[in-house]
**Q** 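Pasting a structure below so you can have a look.
Letters go in sequence order (proteins before strands), and every chain restarts at 1.
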Amino acid sequence: MEKTFNPSAIEKACYRHWEEEGMFKASGQGEPYCILLPPPNVTGSLHMGHAFQHTIMDALIRYHRMKGDNTLWQCGTDHAGIATQMVVERQLNADGLTRHDLGREKFLERIWQWKEQSGGTITQQMRRLGTSPDWDREVFTMDENLSVAVQEVFIQLYDEGLIYRGQRLVNWDPSLLTAVSDLEVINEEEDGYMWHLRYPIENSDEHLVVATTRPETMLGDTAVAVHPDDERYQHLIGKHVILPIADRRIPIIADDYVDPAFGTGCVKITPAHDFNDYEMGKRHNLPMINILTKDAKINGNAPAQLQGLDRFEARKQVVDMFQSLELLNEIKPHKLKVPRGDRSGVVIEPFLTDQWYVAIESLAKPAIDAVENGEIRFVPENWNKTYFQWMRNIQDWCISRQLWWGHRIPAWYDENENVYVGNDEKTVRQKYQIDDAVVLTQDEDVLDTWFSSALWPFATMGWPQKTDELDTFVPSSVLVTGFDIIFFWVARMIMMTKKFTGRIPFKDIYITGLIRDEHGDKMSKSKGNVLDPIDLIDGIELESLVSKRTSGMMQPQLAAKVEKNTRKQFPNGIASYGTDALRFTFTALASTSRDINFDMSRVEGYRNFCNKIWNAARFVLMNCEGQDTGNNLTGAQNVSDQYGELELSVFDRWIWSRLNNTLKQLNEHIEDYRFDLVAQVVYEFTWNQYCDWYLELSKPVLNSDVSSDNQKRGTRHTLINVFEELLRILHPFMPFITEEVWKKLQPLSVNQGAGNSIMLTQYPVTLAEREDPIAEDQIEWVKKFIVGVRNIRGEMDLAPSKRLPVLLRNAHASDIAKLEETKAFLLTLAKLDSIKVLEDAQAPACASALLGDMEILIPMAGLIDKEAEMARLRKNESKLEKDIQRISGKLSNQNFTSKAPVHVIDKEREKLTHARQQLEKIQQQIIEIGQL
RNA sequence: GGACGCAUAGCUCAGUUGGGAGAGCACCGCCCUUACAAGGCGGGGGUCGCAAGUUCAAGCCUUGCUGCGUCCACCA
């Protein structure tokens with residue numbers, strides 16, 4: 001084995017092996033365990049958020065697969081209607097073309113080409129991450145069988161009256177020329193103005209002053225509203241104003257929606273271009289005058305001079321006209337929420353169009369119930385509040401999009417605009433008994449991408465056909481996703497799956513945090529702080545990183561800053577850390593926190609962890625290869641004690657006990673989705689117990705002439721088999737290194753017949769017989785002994801190579817028993833040349849450490865500086881004095897002694913006694929040293 | 001306006017039912033000891049945002065405040 005772990009040398013071949021051997025398939029045996037991959041955009045590429053979530057999912061999948069569950073990771077990609085169509089349209093634009101130049105059919109061909117060309121990117125990147133979904137079951141949301149499901153759902157909902165078509169005010173994106181749902185509109189506060197406009201009152205010299213942030217909409221005003229109780233305007237209710245410019249006579253109406261305290265207390269009402277006004281328009285039977293074209297220019301309902309102007313140009317013109325009519329009262333700076341399309345970024349216009357909607361309320365109810373009654377569980381639980389809040393105020397879902405890329409709506413119209421819904425024209429004619437002479441045309445629109453995503457849990461399992469997968473894997477076990485798509489996707493899956501299968505789609509919803517940069521900023525191209533997971537795996541040199549970060553920016557003027565920051569943060573580019581280090585980092589960062597700040601130094605730390613594992617393997621191999629590891633002896637499988645020729649020492653038994661304990665904790669943490677704690681316990685065991693202590697403790701046995709063959713066999717046996725189990729424990733989190741190392745070590749272990757991949761072995765289980773509190777107690781004593789000596793050595797600046805004599809004073813019988821069992825280890829690990837037990841209190845001048853009542857003494861004899869030892873003792877003394885003061889204060893408090901539980905009081909008393917004894921010894925030492 | 005989250009060591013974060021403040025990284029000192037210098041050993045470092053309350057006991061529970069953040073709704 002190489003001296004240093006080199007991930008790039010093993011990962012790809014390792015993955016190919018797994019995939020070619022079909023190891024990712026559900027076994028068909030055991031309890032079903034299923035995860036649905038949130039389908040990424042087919043033409044997208046893997047970002048840090050994906051990598052994070054995929055790591056978590058893969059860890060769960062591998063864990064359950066090794067546990068023997070019938071484990072399916074259902075994967076696939078999404079057609080991502082708007083996003084994908086935009087990409088291809090942009091490509092066309094670069095050639096000076098629009099999609100209309102190509103026509104619908106040609107344009108769709110072009111998108112399919114693009115999908116074929118770039119559709120494999122993300123799935124290839126997932127392979128680099130080591131993910132193990134069943135690729136043979138990969139689904140694309142526009143595959144034939146998915147389209148069948150989409151149609152079926154649409155038709156069934158329509159026939160039940162739960163999908164309807166109607167003219168309403170929708171969020172209209174004037175650049176994409178499509179309706180979008182409420183969720184696709186981002187409202188952000190921006191600086192704007194409030195214009196105060198005067199409307200002359202009919203047959204009067206009076207005016208009403210209305211305030212507006214969108215003056216151009218006055219062209220569509222059909223009323224002015226005041227509060228019914230507003231005394232200022234009582235006399236005007238029922239009268240009319242003459243709308244300037246448009247010269248329209250519109251009524252002054254009363255409605256308690258108006259807040260008399262805001263602005264002037266008069267509101268202009270534009271039912272065709274504002275959601276509140278629309279509602280009021282319906283209440284008061286007001287006409288709805290649409291003044292905009294689809295691309296947000298002023299239409300023929302406005303005065304001729306304004307027609308054809310862009311909405312923002314028209315705004316200026318309208319203001320100018322009011323000014324010249326002396327009807328502009330004032331212009332105030334004003335902060336307002338501006339609705340923008342989440343894809344296009346342009347200002348959304350409320351716009352009257354015909355669209356398709358899902359009547360959502362009856363679907364929402366069972367979906368709310370499922371979470372309320374605990375059938376579906378959010379983790380962390382708190383997210384159910386977010387869910388409830390949205391679900392209980394849910395609005396009908398606008399599902400039609402004026403796009404070409406997507407599932408075309410299965411509806412046909414005759415010349416009289418009658419609607420017929422069915423699978424295809426032929427079916428429709430039969431279903432509605434329409435004569436062939438009647439011309440039918442299909443709806444031009446497609447469905448919202450999320451409509452097909454909502455069917456993911458059952459459509460991927462073969463619905464509407466009855467399949468075994470539907471029975472077995474609905475509901476799936478857990479959905480791993482971000483909170484940003486709870487409404488878009490999670491809620492809608494629950495509604496649709498309940499509706500069409502009667503089952504819940506998943507039992508748990510594990511909501512992960514959002515990956516941010518190390519300072520908590522969102523990763524974005526414009527900030528130039530985006531990390532590509534593949535770059536962390538393979539490494540990237542500085543120049544490539546800089547050009548990657550600065551190319552194709554929406555705001556090229558930021559490039560210089562991005563370049564500067566990048567050069568500063570990564571003067572040497574990014575090193576190659578390998579997949580396992582990256583995955584372990586994600587695992588360790590997966591706490592309950594909402595925001596996860598991705599820290600490069602963590603990756604480096606876990607790269608080192610990989611190297612640690614690698615080198616531990618080298619040590620194990622070096623000591624076990626070609627040696628008798630006792631694996632063929634009876635009883636070796638579940639070894640926890642001595643079996644004749646296999647003699648386990650106290651520290652062999654100790655490490656088995658620790659391993660068992662670690663596994664127990666790990667199982668609990670996985671149950672709780674606390675992957676950060678999972679990472680912590682396995683890291684701690686591997687590095688701080690197995691490597692730091694166990695490997696060191698094994699050396700004296702393996703290298704000594706004194707230890708017996710049976711003892712050596714016992715230690716080798718433990719060395720190899722604990723490690724082999726540890727590799728299996730680690731595998732779900734670090735699949736590559738564990739596979740590579742396991743293949744080298746497995747032949748030496750009791751698990752030698754387990755097959756040709758660690759991913760198909762059994763996950764280790766906890767065994768009560770491995771628990772060994774006595775061994776744990778003894779090794780604790782050994783550790784304290786050694787640390788005590790090291791402490792003196794470290795603080796007294798004694799050369800590590802200098803072997804020291806140790807005297808023990810005030811040793812109990814139990815100390816002496818432990819000493820006898822472990823003396824060889826103490827001598828080696830603490831670098832001692834002798835250990836003597838003193839019969840009485842007499843001792844030369846010594847530096848000292850305490851282990852319980854026993855004093856570990858190192859004669860100063862020219863080695864140790866008096867002042868330095870004095871300072872060390874004083875430090876310990878004052879620490880003990882503080883402890884004693886605090887504890888005795890507590891114990892002398894009558895309230896405490898009368899009210900606290902007995903075991904707490906006893907514990908405090910014990911602590912006090914112990915501290916006093918320690919203090920006494922320290923002070924005695926101080927006197928002794930002081931006399932020198 | 002409504003809901004939610006966060007504030008603990010220089011940085012990034014753990015701290016489970018209230019009972020002696022932890023990790024990684026960074027920092028300081030010593031060491032190239034035959035698994036590993038991507039390492040070993042030792043060490044320093046925190047008024048747990050502020051205030052009040054409950055309690056024998058509060059990083060943890062309650063209330064208020066401050067600061068930061070997210071989501072939903074929205075006053076033209």
**Q** CG of A/Leu829 versus P of B/A35: gap in Å, rounded?
**A**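 Rounded to whole Å, this separation is 13 Å.
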
**Q** Between B/U8 and B/A3, how far apart are the two C1' atoms, rounded to whole Å?
**A**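 Pairwise C1' distance, B/U8 against B/A3, rounds to 26 Å.
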
**Q** Check whether any side-chain N or O of A/Asn382 sits under 4.0 Å from OP1 or OP2 of B/G5, and answer yes or no.
**A** yes

**Q** Contact class for A/Gln389 (heavy atom, under 4.0 Å): base, sugar-phosphate, or nothing?
**A** base

**Q** Quick one: is B/G39 close enough that its OP1 or OP2 comes under 4.0 Å of any side-chain N or O from A/Asn608?
**A** yes

**Q** For A/Lys899 and B/U55, give me the distance from atom NZ to atom C1', rounded to whole Å.
**A**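 Spelled out: NZ on A/Lys899 to C1' on B/U55 is 9 Å.
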
**Q** Within the pair A/Ser801 and B/U33, is there a side-chain N or O less than 4.0 Å away from OP1 or OP2?
**A**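 Result: no.
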
**Q** Can you tell me the distance, in whole Å, between the NZ atom of A/Lys335 and the P atom of B/A76?
**A**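 My rounded result for the distance is 14 Å.
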
**Q** Do side-chain atoms of A/Asn187 reach the backbone of A/Arg340 as a donor and acceptor pair under 3.5 angstrom?
**A** no

**Q** Nearest-Å distance, CD1 (A/Ile596) to P (B/C6)?
**A**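 Going from A/Ile596 (CD1) to B/C6 (P), I get 13 Å.
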
**Q** By the 4.0 Å heavy-atom rule, please label A/Arg793 as base, sugar-phosphate, or nothing.
**A** nothing

**Q** Select base, sugar-phosphate, or nothing to describe what A/Ile269 touches, counting heavy atoms under 4.0 Å on all strands.
**A** nothing

**Q** Would one find a side-chain N or O of A/Trp687 under 4.0 angstrom from OP1 or OP2 of B/G40?
**A** yes

**Q** Determine, for A/Arg283 against A/Glu279, whether the closest basic-nitrogen to carboxylate-oxygen distance falls under 4.0 angstrom.
**A** no

**Q** If we take the C1' atom in both B/A23 and B/G19, what is their distance in whole Å?
**A** 22 Å

**Q** Sort out the partner of B/C36 for me: Watson-Crick or G-U wobble, both distances under 3.5 Å, none otherwise.
**A**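 Pairing partner: none.
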
**Q** Does B/G39 have its OP1 or OP2 closer than 4.0 Å to a side-chain nitrogen or oxygen of A/Asn611?
**A**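 No, no such contact exists.
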
**Q** Taking the P atom of each, how far is B/G40 from B/G59, in whole Å?
**A** 34 Å

**Q** Counting just side-chain N and O atoms, does A/Lys699 come under 4.0 Å of either OP1 or OP2 of B/A35?
**A**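 Yes.
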
**Q** Strictly by Watson-Crick or wobble contacts shorter than 3.5 Å, is anything paired with B/C68, and which nucleotide is it?
**A** B/G5

**Q** How far does the C1' atom of B/A21 sit from the matching atom of B/A57, given to the nearest Å?
**A**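 That atom pair is separated by 16 Å.
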
**Q** Rounded to whole angstrom, note down the C1' distance from B/G5 over to B/G43.
**A** 37 Å

**Q** Under 4.0 Å: is that the gap between some side-chain N or O of A/Lys875 and OP1 or OP2 of B/G44?
**A**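 A/Lys875 to B/G44 OP1/OP2: side-chain N or O found under 4.0 Å.
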
**Q** Is the phosphate of B/A76, meaning OP1 or OP2, less than 4.0 Å from a side-chain N or O of A/His334?
**A** yes

**Q** Both distances under 3.5 Å, Watson-Crick or G-U wobble: report the partner of B/U12, or none.
**A** B/A23

**Q** Quick one: is B/C74 close enough that its OP1 or OP2 comes under 4.0 Å of any side-chain N or O from A/Lys337?
**A** no

**Q** Looking at A/Arg583 and A/Asp580, is there a salt bridge between them, counting it only when a charged N and a carboxylate O are closer than 4.0 Å?
**A**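 Salt bridge flag = no for A/Arg583 with A/Asp580.
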
**Q** Evaluate side chain to side chain contact (heavy atoms under 4.5 Å, CB included) for A/Arg618 paired with A/Lys3, printing each intermediate quantity in order.
**A** CA-CA 8 Å; A/Arg618 289 177 64 219; A/Lys3 198 171 168 183; 3.4 Å; yes

**Q** Would you mind classifying the nucleic acid contact of A/Lys612 as base, sugar-phosphate or nothing, using non-hydrogen atoms under 4.0 angstrom?
**A** base

**Q** What is the nucleic acid contact for A/Cys691, judged by heavy atoms within less than 4.0 Å: base, sugar-phosphate only, or nothing?
**A** base

**Q** Identify whether any heavy atom of A/Asn187 sits under 4.0 Å from a base atom; if not, whether one sits that close to sugar-phosphate; answer base, sugar-phosphate or nothing.
**A**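 Contact class for A/Asn187: base.
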
**Q** Side-chain N or O of A/Arg674 versus OP1/OP2 of B/G15: is the shortest distance under 4.0 Å?
**A**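 The answer is yes; a side-chain N or O of A/Arg674 sits under 4.0 Å from OP1 or OP2.
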
**Q** When the distance from CD of A/Glu189 to P of B/G1 is rounded to whole Å, what number comes out?
**A** 12 Å

**Q** Between B/C4 and B/G10, how far apart are the two C1' atoms, rounded to whole Å?
**A**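 Approximately 31 Å lies between the C1' atom of B/C4 and that of B/G10.
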
**Q** Base, sugar-phosphate, or nothing: which does A/Glu696 touch, judged by heavy atoms less than 4.0 Å apart?
**A** base

**Q** Using a cut-off of less than 4.0 Å, is there contact between a side-chain N or O of A/Lys911 and OP1 or OP2 of B/G20?
**A** yes

**Q** Salt bridge or not for A/Glu518 and A/Arg602, using N-O below 4.0 Å?
**A** no

**Q** Hey, which of these two, A/Val787 or A/Asp676, hits RNA chain B nearer its 5' end, going by closest nucleotide?
**A** A/Asp676

**Q** Would you tell me if any nitrogen or oxygen in the side chain of A/Lys3 comes within less than 4.0 Å of OP1 or OP2 on B/C32?
**A**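 The answer is no; no side-chain N or O of A/Lys3 sits under 4.0 Å from OP1 or OP2.
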
**Q** Answer with base, sugar-phosphate or nothing: what part of the nucleic acid does A/Phe487 contact at a heavy-atom distance below 4.0 Å?
**A** sugar-phosphate

**Q** Taking atom C1' in both B/C28 and B/G45, compute the distance separating them and give it to the nearest angstrom.
**A** 11 Å

**Q** In this structure, how many angstroms lie between the P atom of B/G22 and the OH atom of A/Tyr683, rounded?
**A**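 Result: 18 Å.
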
**Q** Does A/Ser593 reach a base, just sugar-phosphate, or nothing at all? Heavy atoms under 4.0 Å.
**A** sugar-phosphate

**Q** Could you tell me the Watson-Crick or G-U partner of B/G29, where both distances fall under 3.5 Å? Say none if there is no partner.
**A**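 B/G29 is paired with B/C41.
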
**Q** Would one find a side-chain N or O of A/Asn791 under 4.0 angstrom from OP1 or OP2 of B/C41?
**A** no

**Q** Mind checking A/Arg790 for me? I need base, sugar-phosphate or nothing, with any heavy atom below 4.0 Å counting as a touch.
**A**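 Since only primed, P, OP1 and OP2 atoms lie under 4.0 Å of A/Arg790, the category is sugar-phosphate.
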
**Q** Looking at A/Asp521 and A/Lys527, is there a salt bridge between them, counting it only when a charged N and a carboxylate O are closer than 4.0 Å?
**A** no

**Q** Using the P atom on both, measure B/G49 against B/C25 and round to a whole Å.
**A** 25 Å

**Q** Let me spell it out: for each of A/Thr386 and A/Trp693, pick the nucleotide of RNA chain B with the closest heavy atom. Which residue's pick is nearer the 5' end?
**A**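 Upstream on the strand: A/Trp693.
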
**Q** If pairing requires Watson-Crick or G-U wobble contacts with both distances under 3.5 Å, which nucleotide is the partner of B/A57?
**A**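 Checking every strand shown, B/A57 finds no partner, since no pair has both distances under 3.5 Å.
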
**Q** Please give me the minimum heavy-atom distance between A/Val258 and A/Gly265, naming the atom from each residue.
**A** CG1-O, 3.4 Å

**Q** Identify whether the distance between the nearest side-chain nitrogen and carboxylate oxygen of A/Arg214 and A/Asp274 falls below 4.0 Å.
**A** yes

**Q** Would you name the heavy atoms of A/Cys624 and A/Leu748 that are closest together and state the gap between them?
**A**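 Smallest interatomic distance, heavy atoms only, reads CB-CD1, 4.0 Å.
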
